*Asks:* 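Here's a structure for you.
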Amino acid sequence: MDNKQELLKQLPKIDEVLKDQRLFVFFEDNPRELVVEAVREEIDGLRSRILSGEPFSDGGLFREESMDRIKNKIKEKSANSLRRVINATGTIVHTNLGRANLSESACRRVAEIAASYSTLEYDVARGKRGSRHDHIEKMIRRLTGAEAAIAVNNNAAAVLLCLSALAKNKDVIVSRGELVEIGGSFRIPEIMEQGGAKLREVGTTNKTKVADYRKAIEDGEAGMLLKVHTSNYKIIGFTAEASLEELKELGKEHGIPVVHDLGSGLMIGLAEFGIDEPTVKASLDAGADLVLFSGDKLLGGPQAGIVVGKKEYVDRMKHHPLARALRLDKLTLAALEATFREYIDPERAKSNIPVLSMITSSQEEMQRKAESLKDMILARTDRFLVSIEETEGQIGGGSTPNLFLPGVSVSIKADGMSPDHIERSLRAADPPVISRINKDNVLLDMRTVYVSELPEIASALLGISEKKGESHA
Ligand SMILES: *Cc1c(COP(=O)(O)O)cnc(C)c1O
């Protein structure tokens, strides 16, 4: 008991610790409150240890380790929750890692519009109120030839708005083969309910004919023919589906809109790179009255849902009360306009929009990155066995489910270190490096990694080898 009292007396005061010059650097970049909190927590921790009777070694109570813990606590407390990571998974549209990286021009435009007043809803020529829809509508019309366009919060919101504005209390006819669930609880039947529309399933899982739609129209009060692109699965074998051309004829006959939920939002054909997704324009040309797609999948822009097509339908969506709740903010509009602008020249789009440049990245380009990373690692540590492997990447984000893009990975292995340990340590680095494990190796896929990130990956690995060295010593 006496001993405990003795130790408690030795505990330093917060103010004393704050005078330690090893903490001075932290006051420059952090609020004082945060540093004080870290010191308090350390002292509280020591106090609990004393009270629990834990023995302390001769070095005294408050030693080098306390200072290290305080420094780590300050770093933890000052780290943002939403952080940059290095995506070395090879999955391009990685939903958990934020889907699409924006182009440089889009990033610049976001920063510019964020920092100042803008023409968001102001027509400078007339000195009057303008519409936020105008900024991207002109550009989308130009690129797709559509009559009109509107963009909302995401594609799920676009589907919801479309159903609410065009098919409330009416039948929406969908093939049983297309009742899709997109990750994160977006299910066509449920969104239908939310939109106040009545789901009318037709056909079977593998076969739906245009006659099935026709029968449903004749049997009820149809408000929409909805075709959903099965972007995250494929039905193969004994199959049949009604084409957009056929649905267009049928819709025209009965005055019912044909809506195509395309999801992926591919703007330029990428067949030569093995991507057999339909483009937005192909869907419009085939007869869809409205095409709906995501902003941050294959389009390569910010999170958004874009609707293009017939003016009469788009206008109804613009004027629906939900449009106000689902509308885009100025930052997203700035990014979206800049992204679409890249598509005026498709070649520029392929090199400037990260999603597209990653898809179209050549084998040689990825090989060069891999060799460069391998050299960087081996120049700094001999702790790892480093090799270069041909691997397969994916588009991800629920796009092109059975398509694997042949790529190049740097494969890492180390004696006395499990792949799990390496993978975990890479995630703990700053910035975190997200890799994947294949058998005994950790793979760093070069398709989704920027050249500028290679030194950061090498440093992260060096960090692991040094830490491991310490623990052996
Ligand atoms: C991805 C997708 C959605 C949902 O889009 P979000 O932008 O993620 O809301 C809806 N429909 C289809 C067919 C999709 O592929």
Side-chain angles (χ1 to χ4, degrees), residues 91-102 136 140 149-164 166-167 172 174-195 197 199 208 224-235 241 244 247 258-267 270 275-280 282-284 286 288 290-309 317 322-323 325-329 332-333 335-336 339-340 355 394-403:
T91 299
I92 300 171
V93 181
H94 197 305
T95 298
N96 299 143
L97 302 183
R99 286 199 181 163
N101 293 349
L102 296 182
I136 49 154
I140 300 177
I150 178 180
V152 291
N153 185 56
N154 56 16
N155 193 32
V159 176
L160 179 66
L161 178 59
C162 184
L163 293 167
S164 307
L166 306 180
V172 171
V174 191
S175 159
R176 286 199 171 87
E178 298 172 5
L179 296 173
V180 180
E181 170 177 325
I182 310 289
S185 77
F186 173 91
R187 289 175 155 189
I188 288 292
E190 283 161 21
I191 212 112
M192 201 73 81
E193 207 173 293
Q194 288 299 319
L199 171 63
T208 305
M224 180 185 297
L225 302 178
L226 177 64
K227 193 159 178 60
V228 185
H229 179 54
T230 57
S231 41
N232 52 7
Y233 66 94
K234 278 228 157 31
I235 296 178
E241 60 178 309
L244 277 170
L247 292 182
V258 175
V259 175
H260 193 195
D261 175 11
L262 191 55
S264 49
L266 187 63
M267 290 289 290
L270 292 180
I275 314 281
D276 68 343
E277 287 280 299
T279 63
V280 173
S283 170
L284 285 169
L290 290 177
V291 179
L292 281 50
F293 56 97
S294 287
D296 52 358
K297 290 183 181 168
L298 293 180
L299 182 72
Q303 178 191 302
I306 298 135
V307 183
V308 300
M317 293 175 70
L322 262 183
L326 303 175
R327 76 183 185 184
L328 288 183
D329 77 307
T332 306
L333 275 169
L336 205 52
T339 304
F340 277 120
V355 167
Q394 260 188 307
I395 299 219
S399 303
T400 61
N402 48 2
L403 178 80

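Side-chain atoms are counted along with the backbone in the values below, which use heavy atoms only and exclude waters and symmetry mates. Both counts, for ligands and for their atoms, begin at 1 and track the order of listing. We're numbering straight along the sequence, starting at 1. Because the structure is predicted, anything quoted here is derived from the model rather than measured.
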*Asks:* What protein heavy atom sits nearest atom 9 (O) of ligand 1, and how far off is it?
*Replies:*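 Looking only at protein heavy atoms, the one closest to atom 9 (O) of ligand 1 is Ala156 N, 2.9 Å.
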*Asks:* Could you check which of Leu299, Leu262, Asp261 puts a non-hydrogen atom nearest to atom 12 (C) of ligand 1?
*Replies:*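 Considering heavy atoms of Leu299, Leu262, Asp261, the nearest to atom 12 (C) of ligand 1 sits in Asp261.
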*Asks:* Could you tell me the residue and atom name of the protein heavy atom closest to atom 14 (C) of ligand 1, and the distance to it rounded to 0.1 Å?
*Replies:*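 The answer is Lys297 NZ, 3.0 Å.
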*Asks:* Work out which heavy atom in Glu277 is nearest to a heavy atom in Ser264; give both atom names and the distance.
*Replies:*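 Heavy atoms of Glu277 and Ser264 come nearest at OE1-OG, 2.7 Å.
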*Asks:* Of all the non-hydrogen atoms in the protein, which one sits nearest to atom 7 (O) of ligand 1, and at what distance?
*Replies:*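 Checked against all protein heavy atoms, atom 7 (O) of ligand 1 sits closest to Ser294 OG, 2.6 Å.
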*Asks:* Could you list which atoms of ligand 1 come closer than 4.0 Å to a heavy atom of His229?
*Replies:*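 Result: 13 (C).
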*Asks:* Scan His260, Lys227, Glu241 and name whichever one has a side chain to side chain contact (heavy atoms under 4.5 Å, CB included) with Leu247.
*Replies:*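 Filter result, single survivor: Lys227.
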*Asks:* Show the numbers, then the answer: is there a side chain to side chain contact (heavy atoms under 4.5 Å, CB included) between Val291 and Val307?
*Replies:* CA-CA 6 Å; Val291 179; Val307 183; over 6 Å; no
*Asks:* Considering heavy atoms of the protein only, find what lies nearest to atom 15 (O) of ligand 1 and give residue, atom and distance to 0.1 Å.
*Replies:*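 Going atom by atom, the protein heavy atom closest to atom 15 (O) of ligand 1 ends up being Ser231 OG, 2.5 Å.
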*Asks:* Using side chain to side chain contact (heavy atoms under 4.5 Å, CB included) as the criterion, point out the one residue from Val280, Leu262, Leu292 that pairs with Val308.
*Replies:*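 Only one of Val280, Leu262, Leu292 forms a side chain to side chain contact (heavy atoms under 4.5 Å, CB included) with Val308, namely Val280.
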*Asks:* Within a 6.0 Å radius of atom CZ on Arg176, are there more than 12 heavy atoms belonging to other residues, nucleotides or ligands?
*Replies:*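 Atom CZ in Arg176 is packed in, count exceeds 12.
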*Asks:* Tell me, with the steps shown, if Thr91 and Ile395 meet side chain to side chain contact (heavy atoms under 4.5 Å, CB included).
*Replies:* CA-CA 5 Å; Thr91 299; Ile395 299 219; over 6 Å; no
*Asks:* Does only the side chain of Arg99 get under 4.0 Å from ligand 1, or the backbone, or both, or neither? Count heavy atoms.
*Replies:*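 It is the side chain that touches ligand 1; the backbone stays farther off.
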*Asks:* Quick test: of every protein heavy atom, which one is nearest to atom 3 (C) of ligand 1, and how far off is it to 0.1 Å?
*Replies:*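 Heavy-atom neighbour on the protein nearest atom 3 (C) of ligand 1: Asn155 ND2, 3.5 Å.
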